[in-house]
Amino acid sequence: MTENKPVIGITASPMMVEGGILAGSERSCVGRDYIRAVTRAGGIPIIIPAVNDADTLDKQVAMCQGILLSGGGDIHPSFYGEEPVGPLGFVSLERDEYEIKVVQAAKAAGKPLLGICRGVQLLNVAFGGTLYQDISWVKGNRLEHNQNCPGNAAWHTVTIAAGSRLHAMMGVERIMTNSSHHQIIKGVAPGFLINARTKDGVIEGIEKDDSLWIVGVQWHPERLVEQSPAMQNIFDHFVAAAGKAL
């Protein structure tokens, strides 16, 4: 890593305050675990909220050496050619449109992209892939993918594909991860490889199959970095890749 630290833009989730003196006010926020994981990796985290102005968006991306697509609500099915049939959770068209444009701008500039949970789904959709609107659409026996315990606890096993960039980063073939989602990847975007799956076949990660550093995972590694060096390795490699542009 160079003496200068790379700036990592973390996309924000919209949030409406429901109680108290600020009830009804809108917020753009990220979980502090993302900030801590990026900082531990040697990056400078900044929060980039959704905006409608194209010039502002371009300047947001330009000031960052890497972009982290954070977790959050569901992606509107219209972005992958479907009508909403659900069951769907909260969606934000503004965030969906904004993040797809951020991905396009970052790709054009050759900047590393890391997608986490919703972020891996957004990556897939932005590059032409599709989602299952709910995991109930998948027939057969399934693991529980929405854990009923704290997010910093491991829940189910994920197998990492040998030879993948994710495998090289994490250094393991199998690992216990947390899990907090009900939508999953259906059709993988052109130019991407599957780098992780659960035992029930659910796609838990994808990555670009060329020189671009674009990786996504379905779980939340930022919540597990304290007890798992392999999880921190994801952020270390991401920040190191972003630092090469300095």
Side-chain angles (χ1 to χ4, degrees), residues 1 4-16 26-53 56-75 90-92 94-126 151-152 166 169 178 180-181 205-208 212-226 231-246:
M1 177 101 41
N4 295 323
K5 295 182 177 182
V7 174
I8 304 298
I10 307 173
T11 59
S13 292
M15 184 185 74
M16 182 73 72
E26 296 180 85
R27 294 286 185 268
S28 293
C29 58
V30 302
R32 292 188 67 185
D33 289 329
Y34 294 109
I35 295 169
R36 294 188 183 105
V38 168
T39 302
R40 283 167 59 113
I44 299 174
I46 64 170
I47 300 171
I48 52 172
V51 295
N52 294 319
D53 179 69
T56 301
L57 183 151
D58 288 341
K59 286 182 169 59
Q60 285 178 324
V61 174
M63 69 188 295
C64 301
Q65 282 74 56
I67 302 291
L68 193 164
L69 301 165
S70 67
D74 291 348
I75 298 166
F90 177 79
V91 298
S92 168
E94 180 185 23
R95 184 184 184 186
D96 294 342
E97 292 172 351
Y98 167 78
E99 290 192 352
I100 288 172
K101 291 175 182 176
V102 165
V103 167
Q104 293 168 343
K107 174 184 176 292
K111 298 188 176 186
L113 285 156
L114 174 61
I116 292 176
C117 198
R118 166 198 157 89
V120 69
Q121 297 170 6
L122 192 285
L123 277 177
N124 192 56
V125 170
N152 62 353
L166 184 63
M169 288 191 289
N178 50 21
S180 180
H181 65 101
I206 59 173
E207 61 188 55
K208 200 78 169 67
L212 293 176
W213 203 105
I214 302 177
V215 177
V217 295
Q218 185 61 71
W219 66 92
H220 281 274
E222 78 282 2
R223 298 176 182 171
L224 298 170
V225 296
E226 293 290 342
M231 297 299 181
Q232 182 62 46
N233 284 347
I234 296 174
F235 296 95
D236 292 349
H237 282 260
F238 168 54
V239 171
K244 292 179 180 178
L246 294 173

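Counting begins at 1 with the first residue of the sequence. Reckoned from all heavy atoms, side chains included, excluding hydrogens, waters and symmetry mates. All figures in this text were calculated on a predicted structure; none of them were measured in a lab.
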Legend entry - From T39 atom OG1 to K5 atom NZ, the distance as rounded to the nearest 0.5 Å: 8.0 Å
Inset, instruction - For S13 and G73, indicate whether the former's side chain and the latter's backbone hold a donor-acceptor pair under 3.5 Å. - result: no
Inset, instruction - Examine distances only and state if a side-chain atom of Q65 and a backbone atom of L246 form a donor-acceptor pair shorter than 3.5 Å. - result: no
Legend entry - Short side-chain to backbone donor-acceptor contact, K101 and L57, under 3.5 Å: no
Legend entry - Working for side chain to side chain contact (heavy atoms under 4.5 Å, CB included), residues I46 and M63: CA-CA 10 Å; I46 64 170; M63 69 188 295; 4.0 Å; yes
Legend entry - Candidate pair Q218 and Q121, rule side chain to side chain contact (heavy atoms under 4.5 Å, CB included), full reasoning: CA-CA 8 Å; Q218 185 61 71; Q121 297 170 6; 3.1 Å; yes
Legend entry - F235 side, atom CZ; R40 side, atom CZ - distance, nearest 0.5 Å: 10.0 Å
Legend entry - Heavy-atom side-chain proximity of Q60 to V51 below 4.5 angstrom: yes
Legend entry - Modelled atom types, side-chain donor and acceptor of E226 and Q232, under 3.5 Å: no
Legend entry - N178 side-chain N/O to H220 backbone N/O, donor-acceptor pair under 3.5 Å: yes
Inset, instruction - Could you tell me whether the side chain of Y34 and the main chain of T11 form a donor-acceptor pair under 3.5 Å? - result: no
Inset, instruction - Decide side chain to side chain contact (heavy atoms under 4.5 Å, CB included) for R36 and V225; before the verdict, give the C-alpha distance in whole Å, the side-chain angles of both, and the deciding distance to 0.1 Å. - result: CA-CA 9 Å; R36 294 188 183 105; V225 296; over 6 Å; no
Inset, instruction - Could you point out which residue of L114, I48, L68 forms a side chain to side chain contact (heavy atoms under 4.5 Å, CB included) with I10? - result: L68
Inset, instruction - Give the intermediate values and the outcome of side chain to side chain contact (heavy atoms under 4.5 Å, CB included) for residues H237 and V215. - result: CA-CA 11 Å; H237 282 260; V215 177; over 6 Å; no
Legend entry - R118 with D96: basic N within carboxylate O range, under 4.0 Å: yes
Inset, instruction - Using a 4.5 Å cut-off on heavy atoms from C-beta on, say whether the side chain of F90 contacts that of P14. - result: yes
Inset, instruction - Could you pull out the closest heavy-atom pair between W213 and A241, with the gap in Å? - result: CD1-CB, 3.6 Å
Inset, instruction - State whether the side chain of K111 and the backbone N or O of I67 hold a donor-acceptor pair below 3.5 Å, judged by distance alone. - result: no
